Amino acid sequence: MSLIQEIKVNAAKVLNEIYQIEFPIESVQVNDTKPEFEGDYTIVTFPFTKQTKQKPEEVAEKLGTALVALNTIFTSYNVIKGFLNLEISNAYFNDFLVANYTNTTFGQSASNGQKVMIEYSSPNTNKPIHFGHLRNIFLGYSLANILKETGHEVIKANLINDRGIHICKSMVAWIREGNGATPTSTGIKGDHLVGDYYVLYNDLFKKEVGVLVEQGLEKEVAEKQAPILIEAQELLRKWEANDEDTIQLWKTMNGWVYEGFDVTFKKLGVDFDKFYYESNTYLSGKEVALKGLKNNVLYQKEDHSVWIDLEADGLDQKLLLRGDGTSVYMTQDIGTAILKYNDYQMDKSVYVIGDEQNYHMQVLKLILQKLQEPCADGIYHLSYGMVELPNGKMKSREGNVVDADDMVAEMTSIAQKNTEELGKVEGFTNEELLNLYNTLGLGALKFYLLRVDPKKKMIFNPEESIDFHGFTGPFIQYTHARISSILRKANDIELKSVAIEMTAQEKGLLKQIEQFPTLLLQAAAEYNPSLVCIYIFNLAKEYNSFLANHSILKADTNEQMIFRLQISTLVKNVLAKGLNLIGINAPERM
RNA sequence: GGCUUCGUAGCUCAGCUGAAUAGAGCGUCUCACUACGGAUGAGAAGGUCUUAGGUUUGAAUCCUAACGAGGUCACCA
């Protein structure tokens with residue numbers, strides 16, 4: 001049981017004994033005591049005044065006296081207004097330290113039998129991965145780690161959107177202007193090559209529209225009649241008709257993209273357990289729609305199109321099958337959701353998707369519920385805000401995006417520059433250095449994207465993102481490397497149990513570390529990796545401050561040194577674990 | 001316009017299941033190496049928590065409205 005939980009349980013018990021009133025355990029508010037007051041944890045007693053009909057100070061006094069008498073973990077208390085400040089015994093933290101400094105699984109929860117699928121990344125195959133996708137990818141990967149750590153069985157899924165008009169646009173541009181170019185012939189990474197033709201398509205499209213407008217057509221009409229668009233639509237028709245040449249080209253170009261994605265995913269250090277392809281699933285929602293029609297959950301209009309009426313739920317009418325019987329985006333997603341469930345029977349299905357699809361996801365879940373599909377209730381949309389540049393949104397159509405590969409390369413080279421300027425390259429082989437730059441560059445990038453609450457939109461400030469000071473990944477990596485260095489020097493010192501008086505800062509560190517498992521559970525429950533970022537940053541900061549005030553290897557006594565080495569070991573383990581959970585490596589040296 | 005998310009220091013963000021003087025980082029200005037890693041630490045300045053009402057012993061936090069910003073309301077995906 002966590003310390004805070006233990007305080008709550010004890011307080012509720014004692015309140016019951018004093019007042020003969022049942023206070024639920026969760027009604028006890030326990031906060032960290034503010035630094036300007038004496039004590040470790042504070043119970044707020046205002047909430048108990050109504051039922052006890054006593055002043056908050058009185059309740060606090062009685063509660064404090066009883067707690068100190070009840071349990072040896074409480075050594076003393078003081079009351080200020082309605083706040084009961086409790087001091088926790090050093091022995092409690094000493095026991096905690098002894099029990100955990102060699103425990104490499106500290107923070108991990110036992111299996112809870114829950115199975116969760118996390119769908120993330122889910123790229124289109126007509127363009128490379130850009131900065132906005134990185135937020136998605138890091139979120140999904142990190143969340144998977146956090147859920148695993150807290151006892152869930154996790155399936156990482158990637159739904160590749162490999163069909164549709166967008167890829168046909170790249171194909172048309174390639175047919176027209178490509179002259180048989182391939183990644184090998186051009187030396188361009190496959191996803192970038194295909195992306196270039198997507199941008200080219202849009203250039204050509206604009207030109208053709210311009211010509212038509214000059215010929216006197218309305219802009220709106222011209223945008224529908226541009227020959228290149230007609231060609232792309234024709235290509236999509238051929239694809240759906242299984243035209244051999246079209247399928248062949250489609251396979252080839254998608255293949256280039258997958259090779260490119262593969263390189264990027266590896267570079268980013270993320271992976272997947274299961275890939276779904278929309279070309280395989282896009283027809284799959286149809287039978288469900290037809291079944292829904294039989295059950296009168298859906299209805300049919302005169303043109304044979306199939307709809308669901310969600311107006312009673314405050315939403316709109318939604319089309320599920322076109323008049324010609326073909327499916328739309330929503331139908332596909334229904335089919336895919338059911339397919340996934342049939343594959344894994346998971347308890348929860350998390351979709352990491354941008355907040356522009358909030359409405360879509362709400363409707364998807366509701367429709368599945370109305371269809372009484374077993375997968376419906378487990379659906380959770382982890383909605384995240386867009387990443388914006390200081391001067392506005394990125395649009396891949398216009399090519400003004402921050403490309404993910406470029407970004408990683410940029411961050412890696414900044415890591416190199418910083419390391420060289422600080423003269424910290426000695427003792428590394430070339431290969432180790434390259435590895436290190438990658439670790440630091442990615443550490444900075446991932447932390448920058450994960451430190452903000454997912455649901456909020458965030459601004460990507462290029463200057464700030466390359467900073468390696470303060471609330472950043474490298475700051476924490478640095479702290480980890482620093483501890484590692486100290487521990488290396490103390491390698492031959494035997495760590496045995498010691499009992500000493502601890503300083504306020506030592507106690508503070510232990511108190512913070514004790515909260516780590518609880519924090520992970522919270523991050524998992526809220527699907528929020530940023531909590532981990534904030535936590536390990538605060539821990540690293542506290543440790544650095546501790547280090548400035550305490551000598552370890554030159555401590556006054558041998559016991560003190562051993563005690564501080566044990567604390568350092570534990571801090572190091574927690575920092576490394578925290579970093580790993582958000583997908584960041586913790587270097588031994590840097 | 002309907003629905004929805006959001007508005008906290010010059011900037012980027014915590015705090016939002018109500019509770020003590022609203023916290024970090026960056027930036028600005030001081031200070032600290034006879035030290036285990038200065039990619040550090042200590043300190044200062046900087047806030048009518050968008051505004052106006054309401055609920056409450058108590059509101060940045062809950063409710064209502066206004067103002068401002070984003071998203072969405074396709075037989076696109």
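Side chains included, hydrogens not; waters and symmetry mates left out as well; all remaining heavy atoms used. These numbers come from a predicted model, not from an experiment. Quick note on labels: first sequence line is chain A, next is B, and so on, each numbered from 1.
If you look at A/W239 and A/Y282, their ring centroids are closer than 6.0 Å.
Side-chain N/O atoms of A/N31 and base N/O atoms of B/A20 include no donor-acceptor pair closer than 3.5 Å.
Both geometric conditions, a ring-centre gap below 5.5 Å and a plane tilt below 30°, are fulfilled for A/F83 over the base of B/A20. The aromatic ring of A/F537 does not sit over the base of B/A24, since the test of centres under 5.5 Å and planes under 30° is not met. In this structure, A/F46 counts as stacked on the base of B/A19 under the 5.5 Å centre distance and 30° plane angle limits.
Note on A/L440: a base of the nucleic acid sits closer than 4.0 angstrom, heavy atoms only.
Nucleotides B/C26 and B/A14 have their C1' atoms positioned 14 Å apart, rounded to a whole Å. For the C1' atoms, the distance linking B/A22 with B/A69 amounts to 24 Å, nearest Å.
Atom OH in A/Y359 sits about 16 Å away from atom P in B/C76, given to the nearest Å. In this structure, A/D333 atom CG and B/A74 atom P are separated by 17 Å, rounded to whole Å.
Between the A/H480 side chain and the A/P587 main chain, a donor and an acceptor come within less than 3.5 Å of each other.
Comparing A/I534 and A/E356 by the nucleotide of RNA chain B whose heavy atom lies nearest to each, the residue mapping closer to the 5' end is A/I534.
You'll find that the side chain of A/H166 is closest to B/A77, out of B/C75, B/A77, B/A20. Comparing B/U40, B/A77, B/C76 against the side chain of A/N544 picks out B/U40 as the nearest. Nearest nucleotide to the A/W307 side chain, out of B/G41, B/A14, B/C75: B/C75.
Both tests pass for A/R589 against the ring of A/F428: distance under 6.0 Å to the centre and angle within 45° of the axis. For A/K541 and A/F475, the positive end is not near the middle of the six-membered ring at less than 6.0 Å and at most 45° from its axis.
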